Protein chains: 2
Amino acid sequence: MPETGNQKLVKKINKSIVLRMIRNHAPISRAAISQKAGLNRGTVSSLVSELLDDKLISESGMGESRGGRKPVILLFNHRAGYSIGIDLGVNYMLGILTDLKGQIVEKQKISFHQLSLEAIIDKMKDMIRNLSAAAPDSPNGIVGIGVGVPGIVDHDGNVLLAPNLGWNNVPLKEILEREFSLPILIENEANAGAYGVKLYGTEEIRENLIYISAGIGVGAGLILNDSLYRGTKGYSGEIGHMVIDVDGKQCRCGRKGCWELYASEQAILEEARSLGLETSKSQPITLEQLVEHAENGDSKVISLFEHAGKYLAEGILNLVNTFNPEQVIIGNRLVMARKWLEPVITERLQAQTMGFNQEDIHVTYSQLSTHASPMGMAAFITQRFLENGLEQTVTN
Amino acid sequence: MPETGNQKLVKKINKSIVLRMIRNHAPISRAAISQKAGLNRGTVSSLVSELLDDKLISESGMGESRGGRKPVILLFNHRAGYSIGIDLGVNYMLGILTDLKGQIVEKQKISFHQLSLEAIIDKMKDMIRNLSAAAPDSPNGIVGIGVGVPGIVDHDGNVLLAPNLGWNNVPLKEILEREFSLPILIENEANAGAYGVKLYGTEEIRENLIYISAGIGVGAGLILNDSLYRGTKGYSGEIGHMVIDVDGKQCRCGRKGCWELYASEQAILEEARSLGLETSKSQPITLEQLVEHAENGDSKVISLFEHAGKYLAEGILNLVNTFNPEQVIIGNRLVMARKWLEPVITERLQAQTMGFNQEDIHVTYSQLSTHASPMGMAAFITQRFLENGLEQTVTN
DNA sequence: TAAACTTTGTTCATTAAATAGACAAACAAA
DNA sequence: TTTGTTTGTCTATTTAATGAACAAAGTTTA
């Protein structure tokens with residue numbers, strides 16, 4: 001059954017417009033909102049007064065006048081509640097607490113190796129409790145928890161598959177809901193990252209963007225027509241298994257020449273291993289160490305990065321031809337090696353000389369670096385809270 | 001400025017719901033609409049009476065009763081207007097006239113070779129005039145014209161690039177608007193096809209589908225979240241230039257190993273040529289002739305098709321991993337060779353054994369075959385007419 | 001300094017459209 | 001014939017936006 005039109009819907013739409021106006025353009029007066037949004041002054045007045053009751057906004061003295069009564073300044077009350085975003089990696093967990101504006105208030109990170117499902121869940125619960133405790137007093141408290149996961153998540157918050165974690169059908173949302181009686185949101189980590197850079201990236205906001213999460217594997221988050229595209233069952237963005245070399249290396253997915261066999265952290269580390277690059281204690285080498293070697297001018301390592309960059313570029317070009325996005329953002333751990341990846345990528349992008357697309361494509365590297373994913377999750381939660389809040393206000 | 005909520009919007013939404021209900025579920029009564037849509041009986045009554053005034057629907061006697069007053073049957077008046085859809089190919093032009101239900105009333109096709117821009121436009125105008133003349137009398141007459149073009153179309157109906165036609169920056173919409181004072185819509189041919197199969201394909205409707213237009217080149221139309229994705233500048237779906245073999249053949253786009261070098265009509269014809277397959281008059285061979293040869297058991301030709309099928313499948317798998325759609329539909333001219341393509345494609349799709357996706361993917365071959373594109377264009381026009389019509393009704 | 005004009009924000013009567021409920025008409029089953 | 005059901009219309013009510021009036025609080029001009 002489709003949502004029918006009625007007065008409630010009208011009010012929800014308008015209240016949402018007013019709130020968005022204040023969020024994006026504060027400090028702003030009632031009169032200015034009325035003008036910008038095309039809403040009647042009376043309508044704005046009454047909606048603003050409701051938002052004040054909800055504690056979502058606040059008044060803040062008088063503004064400047066240009067020949068008339070001074071306007072009352074309205075501000076978004078970004079401390080009306082706090083949101084928790086967690087990025088679960090393969091061997092780390094990063095959690096942040098943000099206010100409603102997305103500003104980070106508290107941050108925690110832990111590392112681990114090969115932990116069991118139960119152990120990871122326990123650590124996650126601990127982290128959530130710690131972050132909750134760090135939240136200042138506020139009218140709404142913690143408004144929800146969002147978790148980004150390196151795997152396939154369905155629409156009900158079940159982690160169907162996270163190969164690098166060894167997870168299979170984990171009802172993560174349910175588990176957390178049982179522990180914390182708060183709204184919970186589980187998303188694929190690349191989707192979370194895409195949302196994060198869309199909202200908080202320094203670049204101007206664009207309608208269509210691709211966030212490439214180049215970490216252990218390669219994933220992509222797609223913002224299309226201004227909203228996150230999740231695919232039918234959440235499988236979208238399994239782009240690491242796009243074939244770019246039909247007769248290439250065998251992948252465990254059954255095909256040959258998958259992208260992530262050439263352009264991921266794992267691919268680089270394996271190459272490094274086959275070159276005999278190890279730490280003194282014959283432990284597997286890490287990306288951090290490789291970056292250090294490259295900094296010291298190790299040409300073997302540098303060409304390793306350049307090789308990966310070339311393949312990264314090929315995949316990006318494929319995506320650009322498919323989506324014609326305004327922006328491509330490369331994020332996650334490989335950004336560490338940006339210095340050596342970027343020249344190769346830029347060069348390959350020029351290779352497609354057919355004229356279309358390339359001139360308007362902005363390829364950037366995430367400023368948020370490893371924070372894109374948790375910030376995106378926190379933003380999801382915030383967004384949902386603000387939207388739902390608008391419906392519930394009781395009119396007197 | 002965002003669209004604000006007000007009574008007009010509410011009415012537009014509800015009227016659109018009622019009309020859609022009648023379009024999709026006719027014959028249907030007012031009472032049934034009220035129930036299904038969750039709208040009040042009075043609301044439905046009044047909106048239905050407006051739609052009757054608009055001539056968009058009609059009453060048609062009494063239905064069966066199950067122990068009460070007999071319901072009045074409502075029907076969609078699919079002859080309230082007619083829509084023109086044109087598919088401009090590289091060496092043919094196909095035009096159809098449909099009623100508002102999408103049923104084909106008149107059809108015209110012409111072939112040509114290497115015509116100038118002006119000559120093509122003239123032929124198009126002729127075709128439009130002929131189709132218009134063939135439309136029966138109706139309250140609204142011709143409600144608009146839609147043209148599908150094998151190239152890149154921007155949001156203003158300019159054909160930016162159509163390499164196979166030799167077109168460059170042709171303001172097609174403007175040209176047609178000047179000639180016919182009717183709503184005009186120009187779209188990429190694959191986008192049009194995607195819309196066509198979404199609406200009129202025999203399969204049940206799905207939210208996310210990919211329409212692969214395998215013709216001279218390879219294009220794709222993407223229906224995501226139930227609506228057509230056009231990309232930032234209309235460049236989307238230039239998927240023929242997705243690289244599937246990084247060290248493969250050189251493409252004129254500047255990259256190597258592009259998909260359409262292996263899986264298009266052009267690719268097949270070129271292979272055929274290099275095998276020495278020509279017609280008696282040493283003219284270039286056509287796809288139709290190749291299909292005939294294959295029918296006669298020519299193993300060389302059959303393996304040609306199978307080779308193309310293999311590469312078609314690789315590209316499709318890439319798209320499936322990227323989009324996780326519910327359905328993939330293969331359309332346009334290569335469907336002629338379905339008999340030899342299908343087994344190879346089906347087999348390759350099994351190859352990805354990682355478990356995700358494959359079980360729920362429905363790969364089908366367009367029933368509309370070469371009609372998908374013009375039918376999609378006509379449907380676009382119809383859709384737009386029906387949506388806009390709802391706003392304009394004057395209330396008494 | 002007073003008068004004139006501007007801008008802001010609130011209030012109130014009006015209007016549009018959905019809704020609940022009443023009601024008559026039309027029908028089937030008991 | 002009676003009873004109960006379904007349909008479609010009509011009316012009073014409710015919700016929320018709108019236009020206009022207005023007071024308050026400014027700035028600019030004479």
Side-chain angles (χ1 to χ4, degrees), chain A residues 1-18 21-22 27-53 57 59-74 390-391 393-396, chain B residues 1-18 21-22 27-53 57 59-74 390-391 393-396:
Chain A
M1 201 189 307
E3 188 175 16
T4 63
N6 52 43
Q7 304 286 46
K8 256 189 197 165
L9 177 68
V10 169
K11 185 159 181 181
K12 188 175 139 192
I13 291 172
N14 289 337
K15 198 163 169 183
S16 155
I17 290 174
V18 170
M21 211 61 106
I22 297 172
I28 192 173
S29 69
R30 290 169 174 80
I33 294 172
S34 162
Q35 261 214 324
K36 280 201 183 190
L39 283 166
N40 184 277
R41 290 210 298 279
T43 307
V44 173
S45 252
S46 109
L47 293 176
V48 160
S49 110
E50 281 189 27
L51 288 170
L52 283 168
D53 288 347
I57 62 172
E59 291 183 329
S60 166
M62 300 303 197
E64 284 308 292
S65 151
R66 303 189 316 282
R69 172 173 165 185
K70 282 183 177 170
V72 177
I73 294 300
L74 299 172
L390 302 184
E391 295 174 11
T393 311
V394 184
T395 319
N396 305 314
Chain B
M1 201 188 309
E3 188 175 15
T4 62
N6 53 40
Q7 304 285 46
K8 257 190 197 165
L9 178 68
V10 168
K11 186 161 180 180
K12 189 175 140 194
I13 291 172
N14 289 337
K15 199 163 168 182
S16 155
I17 290 175
V18 171
M21 213 58 108
I22 297 172
I28 192 174
S29 68
R30 291 170 173 81
I33 295 172
S34 161
Q35 260 213 325
K36 278 202 184 189
L39 282 167
N40 183 276
R41 289 208 300 278
T43 307
V44 172
S45 253
S46 109
L47 293 176
V48 159
S49 111
E50 282 190 27
L51 288 170
L52 283 168
D53 289 347
I57 62 172
E59 291 184 330
S60 166
M62 299 302 196
E64 285 306 293
S65 150
R66 300 190 318 283
R69 174 174 164 183
K70 282 182 177 171
V72 177
I73 294 299
L74 298 172
L390 302 184
E391 294 174 11
T393 312
V394 183
T395 319
N396 305 313

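What you see is a predicted model, and the numbers here were worked out from it, not measured in a lab. Chain letters run A, B, ... following the sequence lines, proteins first, then strands; residues in each count from 1.
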- A:L74 CG to C:dT8 C1': how many Å, rounded? 12 Å

- Query: Roughly, in whole Å, what's the span from CD1 in A:I28 to P in C:dT8?
  - Reply: 11 Å

- Which of C:dT8, D:dA16, C:dA25 is nearest the side chain of A:R69? It is C:dT8

- Task: Tell me what A:V44 touches on the nucleic acid: a base, only sugar-phosphate, or nothing, going by heavy atoms under 4.0 Å.
- Result: nothing

- Message: For a quick check of understanding: with a heavy-atom distance under 4.0 Å over all strands, which category does B:R41 fall into, base, sugar-phosphate or nothing?
- Response: base

- Query: Which of these nucleotides, C:dA18, D:dA17, D:dG8, is closest to any side-chain atom of A:K11?
  - Reply: D:dA17

- Item | Main-chain N/O of A:L39 paired to A:S34 side chain as donor or acceptor, under 3.5 Å | yes

- Item | Given B:I73, B:I22, B:V48, the one that forms side chain to side chain contact (heavy atoms under 4.5 Å, CB included) with B:R30 | B:V48

- If you check every side-chain atom of A:A31, which of C:dA17, C:dG9, D:dT18 has the closest atom? C:dG9

- Distance in angstrom units between B:M62 CE and C:dA28 P, rounded: 12 Å

- Message: Quick check on C:dA16: is either OP1 or OP2 less than 4.0 Å from any side-chain nitrogen or oxygen of B:N6?
- Response: no

- Please report the C-alpha distance between A:L47 and A:K11 in whole Å, then the side-chain angles of each, then the deciding distance to 0.1 Å, and finally whether the side-chain contact (heavy atoms from CB on, under 4.5 Å) criterion is met. CA-CA 9 Å; A:L47 293 176; A:K11 185 159 181 181; 4.1 Å; yes

- Item | For B:V10, the option from A:T4, A:V10, A:L9 that meets side chain to side chain contact (heavy atoms under 4.5 Å, CB included) | A:V10

- DNA chain D: B:G68 or B:S45, which has the more 5' nearest nucleotide? B:G68

- Task: Could you state the atom-to-atom distance from CD of B:Q7 to P of D:dT14 in whole Å?
- Result: 16 Å

- Item | Of B:N40 and A:S46, the one whose closest DNA chain C nucleotide lies more 5' | A:S46

- Task: Could you state the atom-to-atom distance from NZ of B:K12 to C1' of C:dA17 in whole Å?
- Result: 16 Å

- Nearest-Å distance, CG (B:L52) to C1' (D:dT9)? 14 Å

- Message: What is the distance, to the nearest angstrom, from the CD atom on B:E50 to the P atom on C:dA17?
- Response: 8 Å

- Item | Nucleotide D:dA24, atom C1' - distance to CZ of A:R30 in whole Å | 14 Å

- Message: Nearest to the A:P71 side chain among D:dA16, C:dG9, C:dA16, which nucleotide is it?
- Response: C:dG9

- Note on the structure: Residue pair A:K70/A:L47 against DNA chain D: nearer the 5' end by closest nucleotide is A:L47

- Message: Whether the side chain of B:S60 engages the backbone of B:L74 through a donor-acceptor N/O pair (distance < 3.5 Å, no angle test) should be reported.
- Response: no

- Just checking A:S65: base, sugar-phosphate only, or nothing, at a heavy-atom cut-off of under 4.0 Å? sugar-phosphate

